[in-house]
Amino acid sequence: MSQGSPLVVKVDGVTKVYGQGETAVHALRGVSLEIAQGEFVAIMGASGSGKTTLMNILGCLDIPTAGDYWIRNLNVAELDEEQLSVVRSQLIGFVFQSFNLIPRTSAAQNVELPLAYQGVSLSERRKRAIKALESVGLGDRSRHEPQELSGGQQQRVAIARALVTNPAMVLADEPTGALDTQSTKEILELLHKINETGSTVIVITHEEEVARAARRMIRLRDGQVVEDTTWVA
Amino acid sequence: MGGLGLREVWRFASRGITANRMRSSLTVLGVLIGVSSVIVLTAVGNGSALAVKQGIEKLGTNSILVMSSGGGGRFSRGANSNAKGLTLADAKALNDPIKAPDVKTAAPILNASGTCTYGNLSSTPQNITGTWASYFEASNSPIDKGYYWSNDDVVAGRPVVIIGTTVATDLFGTDSPLNQVIRCHGQSVTVVGVMKSKGSTGGFQDADSIVIAPITFVQRSMSGYGSLSQIQVEATSASTTTAAMDEVTAIMSAQHKIKAGANADYRVLNQASILASSTTSSHTLTVLLAAIAAISLLVGGIGITNIMLVSVTERTREIGIRKAIGAPKSAILTQFLIEAMLLSLLGGISGVALGVGISHFTVLGVKPVVSLTSVLLAFIVSALVGLIFGGWPANRAASLRPIEALRYE
Ligand SMILES: Nc1ncnc2c1ncn2[C@@H]1O[C@H](COP(=O)(O)OP(=O)(O)O)[C@@H](O)[C@H]1O
Ligand SMILES: [Mg+2]
């Protein structure tokens with residue numbers, strides 16, 4: 001672990017149970033983690049091992065059934081709905097496997113949106129959105145709507161939308177799962193670029209190649225951490 | 001939400017509305033029908049109230065009417081068994097400058113019925129009225145062509161008449177009726193004047209369908225010498241009308257020997273009392289029509305709720321994405337509310353336009369009178385309908401948990 005850097009994520013004994021009684025599914029069974037500012041972490045594990053569940057909790061989209069989660073120094077359990085939206089807006093950038101761009105809305109407008117929710121002025125967010133799109137190599141596609149872009153391009157727009165706010169951490173849930181090898185390479189390069197600017201990057205992946213590119217790999221099995229390896233690049 | 005800006009809010013709302021134009025149009029149509037019916041129906045209510053009021057005002061502002069309330073009625077045996085009809089003596093007694101200083105004139109009215117003919121044309125006036133020359137003053141009846149017959153004609157019982165415009169048109173078309181001899185109730189009479197049109201009072205009463213002759217002539221050759229139909233009294237001014245009514249009542253009670261506290265066999269009415277009863281009934285009509293219209297606006301509102309629920313459901317995933325990238329609850333709420341209000345205001349504005357447009361035509365025989373209040377009210381209510389009926393779906397959208405919204409397919 002990168003001792004010295006302040007912690008951005010601290011998870012302590014987190015469990016998540018879906019449903020109740022007979023049909024209850026224990027997706028996480030006591031996960032504890034510490035991730036420092038600036039780390040690049042790959043989360044691996046078989047399908048159904050609880051990776052997405054953990055990621056949703058880290059992204060403040062879902063709440064744990066038990067256990068504690070601190071983001072920076074904030075105990076997430078103590079935040080109300082309004083404060084959670086501020087955390088999501090200021091500290092987190094999310095990249096989904098299915099891109100999740102807003103339909104019938106141009107690339108630039110999609111990228112502007114997180115800034116709009118932060119209250120950034122129109123001209124300022126225009127500027128920053130264009131810059132973010134340029135940094136993912138889509139400066140010439142800003143007026144295109146999602147349905148006019150390829151999968152790889154859509155995912156790059158989604159990455160631009162995640163990095164435009166300079167979040168403390170970017171969470172990517174199988175960002176290359178729906179992409180060809182060429183696009184996968186481009187997306188991974190982008191995630192590294194983001195990491196180099198100081199943001200923590202946490203990426204869920206099935207591919208060993210992706211995991212090797214990271215400096216730390218956490219493996220889940222049946223809702224528990226079974227391996228946590230850090231290696232020097 | 002402050003930084004979200006009008007542009008983004010507008011884009012969200014218009015994207016929602018244009019996503020399914022047909023569905024949005026039908027929703028707008030619902031509000032449109034509601035708003036325009038509020039405007040048209042209240043305008044019809046107002047219009048008919050105004051028509052009644054104007055009809056009554058044409059009687060003259062100082063008019064007082066004395067009518068018989070006994071003789072021949074169901075209740076005539078009993079307290080009023082001695083009921084007397086109105087007589088010429090009553091009319092004479094009311095023209096008393098000492099006992100009735102506030103009465104300008106009082107004229108007897110004796111109505112007969114019958115058909116008038118000229119050549120092979122005929123007209124059946126609503127009334128053939130026998131009266132005194134002072135009637136013309138007492139009843140606010142200006143003349144358009146020719147001249148009034150005089151008290152000399154009354155004394156002599158001459159067959160001279162003044163006719164209303166309806167009778168004039170029926171018998172003479174556009175020709176001049178003056179000095180022509182027509183036959184009314186089988187009697188030859190000479191037309192000496194045509195009254196100015198009073199206009200229809202709306203509905204069943206046509207004030208222009210009238211023939212006015214000296215009372216002596218009507219008694220002798222048409223109705224006989226029975227009681228009068230009414231006595232038309234005019235007060236000296238609008239402000240003395242109440243005093244004049246008291247004087248008329250006093251004189252009539254003396255004439256008919258009515259003891260204080262006993263039931264009178266006559267009634268004294270004036271415009272104010274007639275107006276009062278007619279305004280209450282037309283007010284009831286307006287309220288009734290407004291209630292019908294309000295119900296249709298409510299139905300339009302339910303349409304908004306419905307389409308907004310659909311809009312929220314269709315965009316559940318989008319709401320999830322927005323929340324995941326930091327949208328606060330208030331931003332989602334505002335966006336859906338604006339969308340709902342946009343729909344209802346579209347309906348409101350076009351409904352006002354349509355309603356005002358329709359009100360230029362005669363509806364159900366009434367010339368509608370649009371009131372600014374009803375326009376403003378309909379408009380504001382349509383905005384509120386958007387707010388209230390869109391509020392529940394919008395709040396549902398804003399309260400969605402991000403993870404549940406994202407999982408929605
Ligand atoms: N919303 C849900 N309701 C019920 N069970 C769920 C839900 N989401 C995930 N699960 C279950 O939780 C377990 C972990 O799922 P998930 O975190 O998606 O795994 P992974 O992303 O590693 O494939 C699985 O058994 C899955 O079926
Ligand atoms: Mg998963």
Side-chain angles (χ1 to χ4, degrees), chain A residues 16 18 52-53 55-57 59-63 80-106 109-126 145-146 158 160-165 167 170-171 173, chain B residues 1-21 23-24 310-339 342 394-409:
Chain A
K16 178 72 184 179
Y18 294 110
T52 297
T53 303
M55 196 67 119
N56 288 337
I57 288 171
C60 297
L61 299 180
D62 209 350
I63 44 169
D80 65 21
E81 163 85 23
E82 209 60 28
Q83 291 166 320
L84 277 176
S85 73
V86 173
V87 167
R88 288 193 287 260
S89 166
Q90 308 271 347
L91 299 181
I92 299 166
F94 225 108
V95 179
F96 302 89
Q97 177 175 355
S98 51
F99 321 139
N100 276 345
L101 296 179
I102 294 180
R104 297 205 293 136
T105 301
S106 76
Q109 285 161 7
N110 261 288
V111 176
E112 267 183 54
L113 212 48
L115 297 174
Y117 290 131
Q118 285 185 359
V120 175
S121 77
L122 183 63
S123 57
E124 171 75 8
R125 61 184 198 243
R126 269 264 116 131
E145 296 186 356
R161 185 178 64 185
L163 63 82
V164 75
T165 55
V170 171
L171 307 179
D173 187 352
Chain B
M1 142 77 214
L4 206 49
L6 269 180
R7 214 172 50 114
E8 164 63 21
V9 168
W10 168 258
R11 202 158 49 212
F12 180 89
S14 56
R15 215 156 45 81
I17 290 169
T18 55
N20 191 330
R21 280 163 215 274
R23 202 173 60 197
S24 301
V310 173
S311 185
V312 166
T313 308
E314 275 179 354
R315 286 193 279 178
T316 301
R317 204 177 158 81
E318 177 178 335
I319 295 165
I321 300 171
R322 285 173 182 270
K323 288 204 147 184
I325 62 174
K329 184 176 172 173
S330 60
I332 307 282
L333 188 70
T334 319
Q335 290 193 310
F336 278 101
L337 275 184
I338 299 269
E339 181 175 329
L342 204 65
N395 191 53
R396 239 174 76 142
S399 305
L400 282 172
R401 301 250 314 281
I403 190 66
E404 277 153 16
L406 275 169
R407 273 196 204 114
Y408 186 86
E409 288 307 327

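- Proximity to chain B is limited to the side chain of A/S98, based on heavy atoms less than 4.5 angstrom apart.
- Looking at every heavy atom in both residues, A/E82 comes nearest to B/S330 through OE2-OG, 4.2 Å.
- The heavy-atom pair separating A/L61 from B/I403 by the smallest distance is O-CB, 3.3 Å.
- A salt bridge is absent between A/R104 and B/E318; no separation between the charged side-chain nitrogens and carboxylate oxygens falls under 4.0 Å.
- For the residue pair A/R88 and B/P402, the shortest heavy atom distance occurs at NH1-CG, 3.7 Å.
- Proximity to chain A (any heavy atom under 4.5 Å) is restricted, for B/R401, to the side chain, taken from C-beta onward.
- In this structure, the portions of A/N100 lying under 4.5 Å from any heavy atom of chain B include both its backbone and its side chain.
- Counted within 6.0 Å of CZ on B/R15, heavy atoms from surrounding residues, nucleotides or ligands total more than 12; the atom is thus considered enclosed.
- Contacts of B/I325 with chain A are made by both backbone and side-chain atoms, with heavy-atom separations under 4.5 Å.
- Once rounded to the nearest 0.5 Å, the distance linking OH of A/Y117 with NZ of B/K323 reads 10.5 Å.
- In this structure, chain B has no heavy atom under 4.5 Å from any part of A/I92.
- Your options are B/R317, B/R315, B/K329, and the one with the most heavy-atom pairs under 4.5 Å with chain A is B/R317.
- A distance of 7.5 Å separates CG of B/L406 from CG of A/N56, quoted to the nearest 0.5 Å.
- Heavy-atom minimum distance, B/A327 versus A/S85: O-CB, 3.8 Å.
- Annotation for A/F96 and B/A324: closest pair CZ-CB, 3.9 Å, computed over non-hydrogen atoms.
- The contact between A/E112 and chain B is made entirely by side chain atoms (from C-beta outward), counting heavy-atom distances below 4.5 Å.
- The residue among A/P167, A/G93, A/G59, A/P103 with the most heavy atom pairs within less than 4.5 Å of chain B is A/P103.
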